[in-house]
A.B. asks: 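Here it is: the structure, laid out below.
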Amino acid sequence: MQLQAQAGYELGFLPEFNVGKSISTLWAVNVEIAPRYELVAGAFGGDSERDIYFGLLDVTTVFERTIAVDAKLGLGYLARFENNKVAHRLIQQYSFSIPYYGYRLGHRFRVDQTFTPDEDLEVRLRYRLSSDISLNGEFIDPKEIYIKLGNEYVTSFQGQETDVEIRLIPALGYYIDDDHKLEVGIDYRIDSFLRSTADHRFWVNVGYYLSL
Amino acid sequence: MLIDLPNNPNSVTYNSVNNPNFITNDLMKAFLFVMLLVLTTTFVKAQEKIEREYRIDAISAPQTAQNFVAAFQKGSRIKWIKEINAEGNSVEAKFKADGKRYSIEFSEQGILEDVEVIITFSEMPEDVKDKIQKHLKEAFDYYKVEKIQAQYRQSEKEILAWRTSNNVLKPLYELVVKSRNSGEKAQRFEFLFDTDGNFVERAKVISRSDNILRF
């Protein structure tokens, strides 16, 4: 008899609260609070378990320096509170955006190192392409709804293991003004497909961006 | 710490040491409180007057503007945009023709303000190009021209005559330039040069925040 592993899935809720503040002409700080709630987990075509519980809390702080009109370098730290443990992550990122007629493209290159108690150091290389698209006219104006699309590739190295995760993040946003944006979308992630059956994760995402 | 509610038959005993969610529940309450506060602030802000631009149907554009665009260009798909500004509202017709992007701006009453067409440096007269480049080299350590528009502010009659014949019509030049000077923050400017390439004015371009693309 041949056993075939079934692809697993998780469904959860991921609210994000992001606050940005300029601290000088060239420097800004960005803080994000992102708890995760897991709702359902199971295997496609198999059993599933419905159990709503708080999974973890991420608090990320990134200091950014403007290095060109549309480009910034960032250095950050993330604290992850999960199961009475705290994981620490160092973040380095380079990002830039390019405006086009009716939309912008944002490129983000990120490297991070995660230190979790009783686990090997995890190093990840990430690239994310995202776009905010105006639904009416050349620019997204105050009180307009917009579309945001994101696609991220994450390669991770931990001990002897290597994995690739792909994320697709479509969202609908409401541009209240330049300092306040609200987004609702899906954060879909697939990983483990290189060495075994893929794991699929779907996060219902509600994000709020505030600039002070 | 133990919390026990003995009078309640459904009481549950929480232990902050063994229950990983205990501390985080308090954090979550704080998080929800902050979110509520922010959404309230947002509602108040959303009441403020705003400036914006949005698509309108051709039929909503002033008749004189429609007539001018029809005389200027036939057969193109026209996008009509209404702009609401503190300085006054305007209506813009945008379209592509002969491989070029045109933008014709009118007042809200349909009076022609200007016709703009995107061009490249190579389409400029040599002496004008040299003068503009010299000005930019002197102003910045580094610069990159992102967009050039030839801007025609002549009368409707002159512009239509130029469009339908080989008349020469000298435009102004509007440039969007990305620039950097050592020790200063890199900035984007919109420049205006006259028909001979002499500097007229420049204004800093304020870009929308792109934090949603970085985080």
Side-chain angles (χ1 to χ4, degrees), chain A residues 15-18 20 25-26 30 32-33 35 53-54 56-57 60 62 64 66-72 74 81-85 93 95 97 99 101 104-108 130-132 136-144 148 150 173 175-183 207-211, chain B residues 16-25 27-28 30-32 34-35 38-39 41-43 45-46 48-56 79-84 92 94 101 103 142 144 146-147 176-180 183-189 205-215:
Chain A
E16 290 172 315
F17 180 50
N18 187 294
T25 313
L26 294 174
N30 190 283
E32 185 169 273
I33 301 167
Y53 70 97
F54 172 77
L56 58 85
L57 172 70
T60 313
V62 177
E64 278 196 308
T66 302
I67 55 166
V69 175
D70 302 308
K72 289 178 181 175
F81 302 91
E82 184 177 16
N83 296 331
N84 269 357
K85 284 199 286 191
Q93 73 174 45
S95 61
S97 62
Y101 185 90
R104 293 184 299 184
L105 284 182
H107 301 265
R108 187 181 78 181
S130 48
S131 180
D132 57 350
N136 198 345
E138 183 175 359
F139 308 107
I140 301 168
D141 293 306
K143 294 175 87 174
E144 265 183 19
K148 191 168 106 178
Y175 184 87
I176 299 141
D177 60 31
D178 210 37
D179 297 333
H180 300 77
K181 293 146 208 160
L182 178 67
E183 293 180 356
Y208 196 90
Y209 291 83
L210 170 68
S211 299
Chain B
S16 65
V17 175
N18 297 327
N19 181 358
N21 292 334
F22 185 81
I23 298 170
T24 43
N25 281 341
L27 279 172
M28 279 310 90
F31 178 76
L32 290 172
V34 172
M35 283 294 274
V38 168
L39 288 171
T41 318
T42 299
F43 178 75
K45 276 194 84 71
E48 293 173 5
K49 189 177 180 301
I50 40 107
E51 296 179 7
R52 55 196 292 246
E53 47 93 58
Y54 53 90
R55 287 282 292 273
I56 55 172
K79 276 185 194 168
W80 289 94
I81 311 274
K82 179 151 187 179
E83 291 183 2
I84 296 173
E92 207 171 356
K94 287 178 182 284
R101 285 188 182 277
S103 167
Y142 162 85
K144 185 182 174 190
E146 295 185 308
K147 188 162 94 171
V176 177
V177 177
K178 212 155 74 164
S179 70
R180 195 171 60 231
E184 291 174 19
K185 188 176 183 178
Q187 291 179 325
R188 182 176 275 120
F189 289 100
V205 177
I206 311 278
S207 301
R208 280 181 300 122
S209 148
D210 57 3
N211 55 342
I212 56 173
L213 300 176
R214 295 180 196 276
F215 295 100

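So you know, we letter chains A, B, ... as the sequences are listed, proteins then strands, and number each from 1.
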A.B. asks: Give, as side chain, backbone, both or neither, the part of A:L56 having an atom under 4.5 angstrom from any heavy atom of chain B.
C.D. replies: neither
A.B. asks: Check whether B:R214 gets within reach of chain A through its side chain, its backbone, both or neither, counting any heavy atom under 4.5 Å.
C.D. replies: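 B:R214 touches chain A through backbone and side-chain heavy atoms alike.
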A.B. asks: Consider salt bridge (charged side-chain N to carboxylate O under 4.0 Å, His left out). Of A:D132, A:D70, A:D178, which one does B:R208 pass it with?
C.D. replies: A:D132
A.B. asks: Under 4.5 Å heavy-atom distance to chain B, tell me which part of A:T25 shows up: side chain, backbone, both or neither.
C.D. replies: both
A.B. asks: Mind ranking B:R101, B:E92, B:K94, B:E184 by heavy-atom pairs under 4.5 Å with chain A and telling me who comes out on top?
C.D. replies: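 Between B:R101, B:E92, B:K94, B:E184, the count favours B:K94.
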A.B. asks: Please report the closest heavy-atom contact between B:L213 and A:L105, naming both atoms and the distance.
C.D. replies: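 Scanning both residues completely, I find the closest heavy atoms to be CD1-C, 4.3 Å.
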A.B. asks: Top residue by heavy-atom pair count (under 4.5 Å) with chain B, among A:H107, A:E64, A:Q93, A:K85?
C.D. replies: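 Top option by heavy-atom pairs under 4.5 Å: A:E64.
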A.B. asks: Chain A heavy atoms under 4.5 Å from B:K82: which part of the residue, side chain, backbone, both or neither?
C.D. replies: neither
A.B. asks: Chain B heavy atoms under 4.5 Å from A:E138: which part of the residue, side chain, backbone, both or neither?
C.D. replies: both
A.B. asks: What part of A:T60 is in contact with chain B, defined as an atom under 4.5 angstrom from a non-hydrogen atom: side chain, backbone, both or neither?
C.D. replies: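 Contact with chain B involves no heavy atom of A:T60 at all.
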A.B. asks: Identify which of A:G106, A:G173, A:S97 forms the greatest number of heavy-atom pairs closer than 4.5 Å to chain B.
C.D. replies: A:S97
A.B. asks: Quick one: does any side-chain atom of A:Y209 pair with a main-chain N or O of B:F215 as donor and acceptor, under 3.5 Å?
C.D. replies: yes
A.B. asks: Based on non-hydrogen pairs under 4.5 Å, which of B:N211, B:I81, B:I212 is most in contact with chain A?
C.D. replies: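 The option with the most such pairs is B:I212.
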A.B. asks: Which one, A:R104, A:E183, A:R108, leads in non-hydrogen pairs under 4.5 Å with chain B?
C.D. replies: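 Among A:R104, A:E183, A:R108, the one with the most close pairs to chain B is A:R104.
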A.B. asks: Mind ranking A:V62, A:I67, A:N30 by heavy-atom pairs under 4.5 Å with chain B and telling me who comes out on top?
C.D. replies: A:N30
A.B. asks: Which heavy atom in B:A186 sits nearest to a heavy atom in A:A68, and how many Å separate them?
C.D. replies: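 Minimum heavy-atom contact is CB-C, 3.6 Å.
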